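Have a look at the structure below before the remarks.
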Number of protein chains: 2
Amino acid sequence: MTQNLDALSTDTPTDYESLKARIGVLSDNMPKRLLQCAKYALANPDRIALGTTAEIASAAGVQPSTLVRFAQTLGFDGFSQMQQIFQGQLVGRSNEYTERLNKIHESGTNTPASILGNFIASSKQSLDELLMQVDTIALDKTIEALATAETIHLLGLRRAFPVVSYLHYTLGKMRVRTNLLEFTGGILEERVQFINENDALFVATFSPYSPEVVEFASKAFGRGVKVLSLTDSVLSPIARVSSTVLEVHEAEHGAFRSLSTTMCLATSLAVAVGDARKWTSLS
Amino acid sequence: MTQNLDALSTDTPTDYESLKARIGVLSDNMPKRLLQCAKYALANPDRIALGTTAEIASAAGVQPSTLVRFAQTLGFDGFSQMQQIFQGQLVGRSNEYTERLNKIHESGTNTPASILGNFIASSKQSLDELLMQVDTIALDKTIEALATAETIHLLGLRRAFPVVSYLHYTLGKMRVRTNLLEFTGGILEERVQFINENDALFVATFSPYSPEVVEFASKAFGRGVKVLSLTDSVLSPIARVSSTVLEVHEAEHGAFRSLSTTMCLATSLAVAVGDARKWTSLS
DNA sequence: TACATTTTTGAATAAACATTCTACTTGTAG
DNA sequence: CTACAAGTAGAATGTTTATTCAAAAATGTA
């Protein structure tokens with residue numbers, strides 16, 4: 001109902017849904033070529049979002065100028081303005097969230113509820129991204145290594161410490177032998193020698209990457225230890241000294257990043273390792 | 001392995017994965033500005049896909065020409081050619097999202113990917129629930145108490161420890177004075193007396209609730225200390241000895257619960273407290 | 001059929017664009 | 001400290017782009 005009213009109003013559509021509705025209404029008495037544009041646009045929204053007028057026009061079998069007329073008929077200034085709606089649809093509003101976030105941050109209207117709302121929204125997005133982009137091969141390898149390791153050594157400082165701390169607790173509950181490496185002065189590096197060749201080292205580190213952690217992992221890796229890393233970018237220095245790398249992009253607000261998505265992955269790791277261990281111990 | 005070889009080859013990358021790999025390899029000896037491009041590109045692939053050189057350059061804090069150099073360094077003809085890779089990634093993602101979900105569901109329930117998929121799905125649900133059911137009054141009160149406290153004492157054991165550990169780190173970065181209470185034998189309870197009346201005690205505890213934690217909070221509450229608690233049920237024993245209670249229902253899989261939603265809330269708390277402190281210290 | 005109106009076309013145009021080039025800065029080896 | 005190389009910034013360039021416009025075609029009406 002509301003949608004139809006929106007579509008009939010003379011304002012320019014602001015989102016993909018109202019744009020579609022508008023097309024539906026106006027298509028009844030549209031001239032031939034414009035209807036051709038409408039059909040093509042609805043059938044190939046991606047190409048509208050990414051292509052140039054020339055490309056799209058030739059693909060749709062019309063003139064570039066017709067595309068402009070089409071956009072103007074729908075209430076837009078020109079083609080470019082319409083294209084932005086299609087682009088927004090493609091990205092899935094991720095820009096909208098970050099923009100809103102920045103605006104709120106700048107305008108100083110930071111209520112606790114709005115901060116929470118934004119973190120929830122971007123965490124959900126971050127979780128979706130994890131689902132889409134996770135390297136399932138690396139995931140499988142990591143779990144297999146963790147499942148077959150005699151002892152799992154866990155290392156992570158600063159923001160990464162809660163992650164390994166959580167793994168320490170959860171894996172411990174499953175009777176997996178873990179060793180949480182805590183940083184107490186310069187003693188840390190000497191402990192590399194206590195890592196057995198049947199063990200595994202799980203390292204979490206995020207930008208800015210702690211040099212101590214990278215150094216430690218590097219030494220262990222050099223000694224042939226399996227190094228399984230969890231980090232936030234392929235640019236992470238830990239990637240070069242790791243057997244497997246898991247990448248997570250966390251939600252952020254200004255300079256502060258959540259641990260929401262990372263914890264989701266960590267929990268999954270723990271459960272999967274637990275499962276795998278059960279199977280191997282049974283057989 | 002294969003990925004590294006691809007990245008080392010001199011051909012232009014043909015998909016997003018090999019592009020990322022290439023960036024990872026070349027980033028070792030990349031000059032400052034190009035590395036800046038690399039970081040921005042990996043963190044905001046969507047904007048690279050849709051923006052113009054001018055827009056992206058200003059957002060990344062570099063010159064438009066630097067973006068072109070960056071693309072050429074990676075083996076592309078120019079920026080436009082590189083942009084196509086990012087566009088391809090954008091289109092492929094939205095199409096394959098449901099497809100990937102289906103695959104995960106079909107692959108059985110005990111593969112690592114399916115475990116992760118389940119946790120992601122239930123974490124998103126849990127986040128939604130948090131948004132809908134959060135007690136905003138309690139949230140405001142908690143943040144005000146944390147913002148005005150002289151020192152924030154943090155207490156949480158077992159599964160709750162990573163939460164307070166994270167708050168300890170994040171609040172510390174904001175120059176908020178915190179004291180992470182660690183459990184070392186029976187000494188803990190004696191420390192109640194060191195909590196000042198201008199301080200606050202933040203307690204996290206989840207089922208099964210650690211008696212030590214509840215006992216400690218009870219004593220502090222009895223002495224008139226503000227006790228701000230984070231727990232998983234109003235039936236939690238901590239609720240009766242708290243000034244404010246925040247409730248979170250976490251995603252679970254069998255006997256194992258994630259910390260995803262809890263961390264989202266914790267991050268929001270930290271940021272909100274940081275904001276509130278900034279305001280009060282400025283005025 | 002003749003006329004008025006709408007629609008389309010395709011060249012013309014001006015703006016936006018990616019890219020190149022040169023002068024300048026920064027870092028480095030002798 | 002000097003000389004040389006590498007990297008960068010910002011203006012200049014030539015191309016691509018969306019958009020406009022006038023002429024032509026199509027459509028509807030009497």
Side-chain angles (χ1 to χ4, degrees), chain A residues 10 12-13 19 22-23 25-41 44-90 235, chain B residues 12-13 19 22-23 25-41 44-90:
Chain A
T10 52
T12 68
L19 170 57
R22 174 76 68 97
I23 291 176
V25 172
L26 296 180
S27 62
D28 290 341
N29 31 345
M30 246 188 202
K32 193 172 132 198
R33 287 283 123 96
L34 295 188
L35 214 133
Q36 212 170 320
C37 291
K39 280 183 183 168
Y40 186 84
N44 308 72
D46 296 357
R47 301 191 80 165
I48 305 280
L50 297 174
T52 69
T53 45
E55 288 166 13
I56 299 164
S58 102
V62 299
Q63 292 284 330
S65 53
T66 309
L67 277 177
V68 178
R69 266 194 307 131
F70 174 65
Q72 288 169 342
T73 303
L74 295 177
F76 295 101
D77 234 41
F79 171 79
S80 303
Q81 203 181 25
M82 180 182 76
Q83 191 177 40
Q84 290 189 333
I85 303 292
F86 283 87
Q87 290 182 346
Q89 173 66 13
L90 200 59
L235 297 180
Chain B
T12 68
L19 171 56
R22 173 76 67 96
I23 291 177
V25 172
L26 296 181
S27 64
D28 290 341
N29 28 340
M30 247 190 202
K32 193 172 125 198
R33 286 285 121 97
L34 295 189
L35 216 136
Q36 212 171 320
C37 292
K39 281 183 183 170
Y40 186 85
N44 309 71
D46 296 357
R47 303 195 96 171
I48 304 279
L50 296 175
T52 68
T53 46
E55 287 166 14
I56 300 163
S58 99
V62 299
Q63 293 285 328
S65 53
T66 310
L67 277 176
V68 178
R69 269 194 302 134
F70 175 65
Q72 288 169 341
T73 304
L74 296 178
F76 295 101
D77 235 39
F79 171 80
S80 303
Q81 202 181 20
M82 179 182 78
Q83 192 177 40
Q84 291 189 331
I85 303 292
F86 283 88
Q87 290 182 345
Q89 167 69 9
L90 199 59

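Fair warning: this is a prediction, and the values are worked out from it, not measured in the lab. The figures that follow rest on heavy atoms only: side chains count, while hydrogens, waters and symmetry mates do not. In what follows, chains are A, B, ... by sequence order, proteins preceding strands, each numbered from 1.
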Rounded at 0.5 Å granularity, tell me how far [atom1] in [X] sits from [atom2] in [Y].
{"X": "B:Ser80", "Y": "B:Gln87", "atom1": "OG", "atom2": "CD", "value": "9.0 Å"}
{"X": "B:Ile23", "Y": "B:Leu19", "atom1": "CD1", "atom2": "CG", "value": "4.5 Å"}
{"X": "B:Arg47", "Y": "B:Leu90", "atom1": "CZ", "atom2": "CG", "value": "13.0 Å"}
{"X": "B:Asn44", "Y": "B:Asp46", "atom1": "CG", "atom2": "CG", "value": "8.0 Å"}

Could you run down the sub-3.5 Å N/O contacts of the protein with nucleotides 6-8 of chain C?
residue : atom : partner : partner atom : Å
C:dT8   : OP1  : A:Arg33 : N            : 2.7
C:dT8   : OP2  : A:Arg69 : NH1          : 2.7
C:dT8   : OP2  : A:Arg69 : NH2          : 3.2

Between A:Ala38 and A:Met30, the two heavy atoms sitting closest are CB-SD, 4.3 Å
Whole-Å distance, B:Leu26 CG to D:dG7 P, equals 13 Å
Atom pair distance, as rounded to whole Å: CG in A:Leu67 and P in D:dT20: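 Going from CG in A:Leu67 over to P in D:dT20 covers 14 Å.
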Dump the pairs, protein N or O against N or O of nucleotides 12-19 of chain C, anything under 3.5 Å, distances to one decimal.
residue : atom : partner : partner atom : Å
C:dA18  : OP1  : B:Thr53 : N            : 3.2
C:dA18  : OP2  : B:Thr53 : N            : 2.9
C:dA18  : OP2  : B:Thr53 : OG1          : 2.0
C:dA18  : O3'  : B:Ser80 : OG           : 3.1
C:dT19  : OP2  : B:Phe79 : N            : 2.4
C:dT19  : OP2  : B:Ser80 : N            : 3.3

Close side-chain approach of B:Gln89 and B:Phe86, heavy atoms under 4.5 Å: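 When only atoms from C-beta onward are counted, B:Phe86 and B:Gln89 do not touch, as no gap falls below 4.5 Å.
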(message) Determine whether a donor-acceptor pair (N or O, by modelled atom type, separation under 3.5 Å) exists between the side chain of A:Gln83 and the backbone of A:Ile48.
(response)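 Yes.
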Between N or O atoms, less than 3.5 Å apart, protein on one side and nucleotides 22-25 of chain D on the other: list the pairs.
none

Who passes side-chain hydrogen bond (donor to acceptor under 3.5 Å, both in side chains) against B:Gln36, sequence neighbours left out?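 Testing B:Gln36 for side-chain hydrogen bond (donor to acceptor under 3.5 Å, both in side chains), a comparison that skips the adjacent residues, returns B:Arg33.
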Sequence neighbours excluded and cut-off under 3.5 Å, please list the side-chain donor-acceptor pairs for residues 56-78 of chain B, or say none.
residue : atom : partner : partner atom : Å
B:Ser58 : OG   : B:Glu55 : O            : 3.4
B:Thr66 : OG1  : B:Gln63 : O            : 3.4
B:Gln72 : NE2  : B:Asp77 : O            : 3.4
B:Thr73 : OG1  : B:Arg69 : O            : 2.7

Sequence-distant partners of B:Lys39, side-chain contact (heavy atoms from CB on, under 4.5 Å), two or more places apart =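 Once residues adjacent in sequence are excluded, the partners of B:Lys39 under the side-chain contact (heavy atoms from CB on, under 4.5 Å) criterion are A:Leu235, B:Leu35.
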